[in-house]
Amino acid sequence: MSTLCNAAELLAVMASRQLRDDTTVFAGVGVPLLAAALAKQRHAPRLTLVIEGGIIGPEIAPGRLPISTNEMRAGRRAQMLPGITDAFLFAQRGFVDVGFMGGAQIDQYGNINTTAIGDYWKPKVRLPGTGGANDIASLCREVIIVTAHEKRRFVPRVEFVTSPAWLRGDGSRRAAGLLFGGVSRVVTTLGLLGFDPETKRMLIEAVHAGETVETIRANTGFELGLAPTLETTAPPAADELEMLRALDPERRFLG
Amino acid sequence: MSTLCNAAELLAVMASRQLRDDTTVFAGVGVPLLAAALAKQRHAPRLTLVIEGGIIGPEIAPGRLPISTNEMRAGRRAQMLPGITDAFLFAQRGFVDVGFMGGAQIDQYGNINTTAIGDYWKPKVRLPGTGGANDIASLCREVIIVTAHEKRRFVPRVEFVTSPAWLRGDGSRRAAGLLFGGVSRVVTTLGLLGFDPETKRMLIEAVHAGETVETIRANTGFELGLAPTLETTAPPAADELEMLRALDPERRFLG
Amino acid sequence: MKDGDYVAVGGCLFSRTPLALVRELLRQRRRGLTLARNLTCTEGEFLMVAGAVERIVTAWMSIGLPWGVSKVMRHYVESGRVALEEWSHLALGLRFRAGAMGVPFLPALTMLGSDLMTVGGMKTLQDPYTGETLAAVPALFPDVAVLHVHRADMFGNCQIDGYPHMDADIARAATTVLVTTEEIVTDDATRRHPDRTVIPGFLVDALVHVPFGAFPHECYGLYEADFDHFGEYTAAIDAAGPTAVADYLERYAYGPPTFADYLDLFGGERLARQTRRARELTASA
Amino acid sequence: MKDGDYVAVGGCLFSRTPLALVRELLRQRRRGLTLARNLTCTEGEFLMVAGAVERIVTAWMSIGLPWGVSKVMRHYVESGRVALEEWSHLALGLRFRAGAMGVPFLPALTMLGSDLMTVGGMKTLQDPYTGETLAAVPALFPDVAVLHVHRADMFGNCQIDGYPHMDADIARAATTVLVTTEEIVTDDATRRHPDRTVIPGFLVDALVHVPFGAFPHECYGLYEADFDHFGEYTAAIDAAGPTAVADYLERYAYGPPTFADYLDLFGGERLARQTRRARELTASA
């Protein structure tokens, strides 16, 4: 079944299934926003999108997906436009249930680097930077990462912690002053990953149809444990793909 | 000349003369607001009123004087309505040149009590409280008090410092963390009072026509020094009184 | 709402006070409440006389300048029956804002050096960058917020016209948010003016459509405060003391079974007059 | 504006960027500037290539997702010619807000535990009430703010439509405030909608009427960002590297003597198309 869709489509569908109705989700542009729009259309009509540009409750128009969090396509038919700082402060106050974002480089504790490869002040490769990713990772009640599963992305330890998840897995998140939140799940093109409740190390919770624990491990740069029960996800349904494709007919994010 | 007007009118005219054009003034309702409205009409057309209810730049309508800082008469034809907290924050940021307010009980260092007579938790007389007076006294670049001159109001030391001026006159204002501001002048029904630059004790700067240093001292509950040069204020001019009376035809605040 | 709750009341003094919600709270005969409001007006007197409040947290309490110091407030506070905890107006605003921002305090330059510092237990701290002393204004997280707004939609998104007072911060700071609204609008109407929304629906726990829900207090642009009514109210207190308020509550709070019955006591002519006055004041620009 | 100034730029990424003011700053050949902006777009590349900036303080810098990581930014930052000081998006917002509030810092729960803490020298502190660790986000007081707004009156009162970005805080935090506006309105017009004013006139030092003053970036409701133009711009950089930006500046910044001449390079048809697209997106509610 999964041959019927490409990797970006699979990722978007799997991600959309993570979102429940009657919740608030802080979604980054690209596949996360697309997945959130799909969830809202398909099974979570009262899902409230919060967008970094200071936008609450927009209705993303099919074919007019925003390419940034601060533009009219992202703000279309919004219910509120509180501004950037205040949008994040809703999260800091605890009102945002899910943070939904991508990640350039992720480590076994869920920490993400989108800042630099190499020394910060003399970087080998300078990436664009955190944007609101650090804030989403710090302040949402729960964080779900949505990313392509590639070995170079899944590293034992990120060189620079831009967005903190479980830090060193030893309670250091709470000790740093982060009162709630943390990454609960990583949705990838190969499967669903979670975290061991004790060690906060990443583990495999589910594989997508056609994938195996081995293919996942082969594409991961660190050791991955297994959840007590290993699931296989249901492949994208026809109606999921149809709705998804209608949202991005120009295939701006679906490739 | 001063027999041509009553005490409230004299006070309002003398107070209005304290305000300069192209400044911002945080004015309390009653005589301060009336005096500010007079100044704006007569000699300070670009005076910007800031009102505690979260109102900037209103045009007070003659005959429709507000009785509170939070009502449509106070907000009439405003240029901005930022809300209460943000109006005060403009002052905290240093954008308000003058705080202009009354005072129930004032001491020789300019401190004001509008909270209670007697012990705070078992008061003999409970007054309404600070409202924004403490904030105006703490945060405006300069504070001008406008008050009837009565012995019971001018006490050596207020029982409770609601609004801080020079506290104990020994640099304690700055030491408490108040970086700027303080009371520069007290406009009364008898004259103009200032503060000694060294001791921060109140002294007489000017007497109104018909009044003397002796009448002022007789109506003050503590010793009052004299400024190096003692002035006599010009009595209210006919046009000042005419404009003032037009602002309060119902004599709501002019008695 | 439960006995003993910490209740924050929106609006300011006699502006946009959620009087329909206060009336309901009186009718439920709540006890042991703490009331937090920046400037407290008749609603504070009602709750004192009804025996509903133990403590009022405010910057100022009376009806308004022309009516002098509240005799009811003096009676209850001077006798020690109700505690009046005073904060500066900005400090109380920052207490709500700290709550709204989800931080335990906000630094400020106000209240420092004054005796108000000792009343509510405000602490100071040193700025970690310069070492300067700052007030650490503690967050206030009320159990319940009661608010009255101009319009709201079925999702609870609220819009307010004119001066916003502290309602937006109070809604964010409180655990439970109860709102009455002058008008219920469609989802589309909200989306046509999203930059006017000040409280998002996900904060609102209950919403009721109550036109004139702040009367005889004012609602910006819709009706002016009824100063004549305040005059009659305070004249009765001048004549009979706080029992005049008990009589008033019988007549206005406990008596009329519905809010429509309550408004009938004022009469349509009075409502129309106050509406006309509001339009004159706000349409003149 | 002087060489060496700390300049905060309003808007966000390619939204309501004060490009007419940035163009002026380029034409004045300023040097040694520090640029602070929450999300930095083409204007940051212009200033890098022109040699105007020593440091950029931002949360993110590139043109936008479809065009990948900024090659110009990588060139200047990886070679050490421009320092890129990274703060989280909220932290930068709170830096402006602390400045706006006149306090030296604001407490926050963000950036804690991350390596961003070490970049800009953020300190932590203990909450004086609970002892919990908080980030102490330091205030930012820029020397100059450059902003573009929808409308302003002769007194400098500014109104913004749609998402407000951080402009209101930046205006309060900065020492000098320079504003361009799409429209100049009368004093009466401001007073008809006072609840739409976000920057009071007493903050504004200079105001210039510049329709399309953010083009080819967007202005909410008025014109959409010209993505085709970004595509051409990045394609030239892909082909020739940062010198393509130098050519671009010759053509768009140094060449055209007036802003009208600058807009002529895009042409009326392009402006009309982008205006139409904005109306479609914002009138659809």
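Reckoned from all heavy atoms, side chains included, excluding hydrogens, waters and symmetry mates. Just so we're on the same page: letters track the sequence lines, and every chain starts at 1.
- Both the backbone and the side chain of D:A278 have a heavy atom closer than 4.5 Å to some heavy atom of chain A.
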Q: Report the C-alpha separation of D:R273 and D:D226 in whole Å, then their side-chain angles, then the decisive distance to 0.1 Å, and conclude whether the salt bridge (Lys or Arg N to Asp or Glu O under 4.0 Å) test is met.
A: CA-CA 9 Å; D:R273 184 188 74 185; D:D226 189 341; 3.5 Å; yes
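- For D:E86, the parts lying near chain A are the backbone and the side chain together; criterion is any non-hydrogen pair under 4.5 Å.
- Taking chain D as the reference chain and counting heavy-atom pairs below 4.5 Å, the highest number among A:G54, A:S68, A:A175 is found for A:S68.
- Contact annotation for A:R73: both backbone and side-chain heavy atoms come within less than 4.5 Å of a heavy atom of chain D.
- Here D:P66 is the residue among D:P66, D:G64, D:G11 with the most heavy-atom pairs under 4.5 Å with chain A.
- A:E59 has no carboxylate O lying under 4.0 Å from a charged side-chain N of A:K40, or vice versa, which leaves the two without a salt bridge.
- Neither the backbone nor the side chain of D:D167 has a heavy atom closer than 4.5 Å to any heavy atom of chain A.
- In this structure, the portions of A:T162 lying under 4.5 Å from any heavy atom of chain D include both its backbone and its side chain.
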Q) Are D:H89 and A:D135 close enough, and set up right, to give a side chain to side chain donor-acceptor pair (under 3.5 Å), and what steps lead you there? A) CA-CA 7 Å; D:H89 206 173; A:D135 308 303; 5.6 Å; no
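- Contact count against chain A (heavy-atom pairs under 4.5 Å) is highest for D:E132 among D:E85, D:E132, D:R16.
- Of the two parts of D:L84, the backbone and the side chain both hold a non-hydrogen atom closer than 4.5 Å to a non-hydrogen atom of chain A.
- Of the listed residues A:P128, A:G75, A:G83, A:A78, the one with more heavy-atom pairs under 4.5 angstrom with chain D than any other is A:P128.
- Only the backbone of D:A91 comes within less than 4.5 Å of a heavy atom in chain A; its side chain stays farther off.
- By the neighbour-count criterion of 12 heavy atoms within 6.0 Å, atom CZ of A:R157 is sparsely surrounded, having that number or fewer from other residues, nucleotides or ligands.
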Q: Please report the C-alpha distance between D:Y76 and D:E45 in whole Å, then the side-chain angles of each, then the deciding distance to 0.1 Å, and finally whether the side chain to side chain donor-acceptor pair (under 3.5 Å) criterion is met.
A: CA-CA 9 Å; D:Y76 283 84; D:E45 298 193 347; over 6 Å; no
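- One finds a salt bridge joining D:R37 and D:E43 here, because a Lys/Arg side-chain nitrogen approaches an Asp/Glu carboxylate oxygen to under 4.0 Å.
- In this structure, chain D has no heavy atom under 4.5 Å from any part of A:Q79.
- No part of D:L134 comes within reach of chain A, as not one of its non-hydrogen atoms sits under 4.5 angstrom from that chain.
- If you measure heavy-atom distances from A:R168 to chain D, you find no contacts under 4.5 Å at all.
- Residue D:H217 is tested with D:F46, D:F227, D:F230 for a ring-ring contact (aromatic ring centres under 6.0 Å, His included); the sole match is D:F230.
- Residues D:L281 and A:E71 have side chains not in contact (no heavy-atom distance under 4.5 Å, counting atoms from C-beta outward).
- A salt bridge links D:D161 to D:R151: one of the charged nitrogens lies within less than 4.0 Å of a carboxylate oxygen.
- Interface remark: A:V158 contributes no atoms to any contact with chain D (heavy atom separation under 4.5 Å).
- Heavy atoms closer than 4.5 Å to chain A are found in the backbone of D:C219, but not in its side chain.
- In summary, A:D107 and A:R201 do not engage in a salt bridge, as defined by a charged side-chain N under 4.0 Å from a carboxylate O.
- Both the backbone and the side chain of D:L109 come within less than 4.5 Å of a heavy atom in chain A.
- Contacts between A:I67 and chain D at a heavy-atom distance below 4.5 Å involve backbone atoms as well as side-chain atoms.
- Taking the six-membered ring wherever Trp is involved, the centroid distance between the rings of A:F100 and A:F26 does not fall below 6.0 Å.
- Looking at A:Y120, only its side chain comes within 4.5 Å of chain D, counting heavy atoms on both sides.
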Q: Just do the salt bridge (Lys or Arg N to Asp or Glu O under 4.0 Å) check on A:D86 and D:R97 with the steps written out, would you?
A: CA-CA 10 Å; A:D86 289 314; D:R97 184 156 295 177; 2.9 Å; yes
Q: Could you go through the salt bridge (Lys or Arg N to Asp or Glu O under 4.0 Å) check for A:R245 and A:E9 one step at a time?
A: CA-CA 8 Å; A:R245 288 166 184 164; A:E9 289 172 335; 2.8 Å; yes
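- With a 4.5 angstrom heavy-atom cutoff, D:M73 touches chain A only via side-chain atoms.
- Looking only at heavy-atom pairs under 4.5 Å with chain A, the residue among D:G162, D:A168, D:S88, D:G113 that has the most is D:S88.
- For chain D, no part of A:S163 is nearby; none of its heavy atoms comes within less than 4.5 Å.
- Salt-bridge formation is not detected for the pair D:E280/D:R277: no Lys NZ or Arg NE/NH1/NH2 atom is positioned less than 4.0 Å from an Asp or Glu carboxylate oxygen.
- Neither the backbone nor the side chain of D:F96 comes within less than 4.5 Å of any heavy atom of chain A.
- Within the 4.5 angstrom heavy-atom criterion, no atom of A:I136 approaches chain D.
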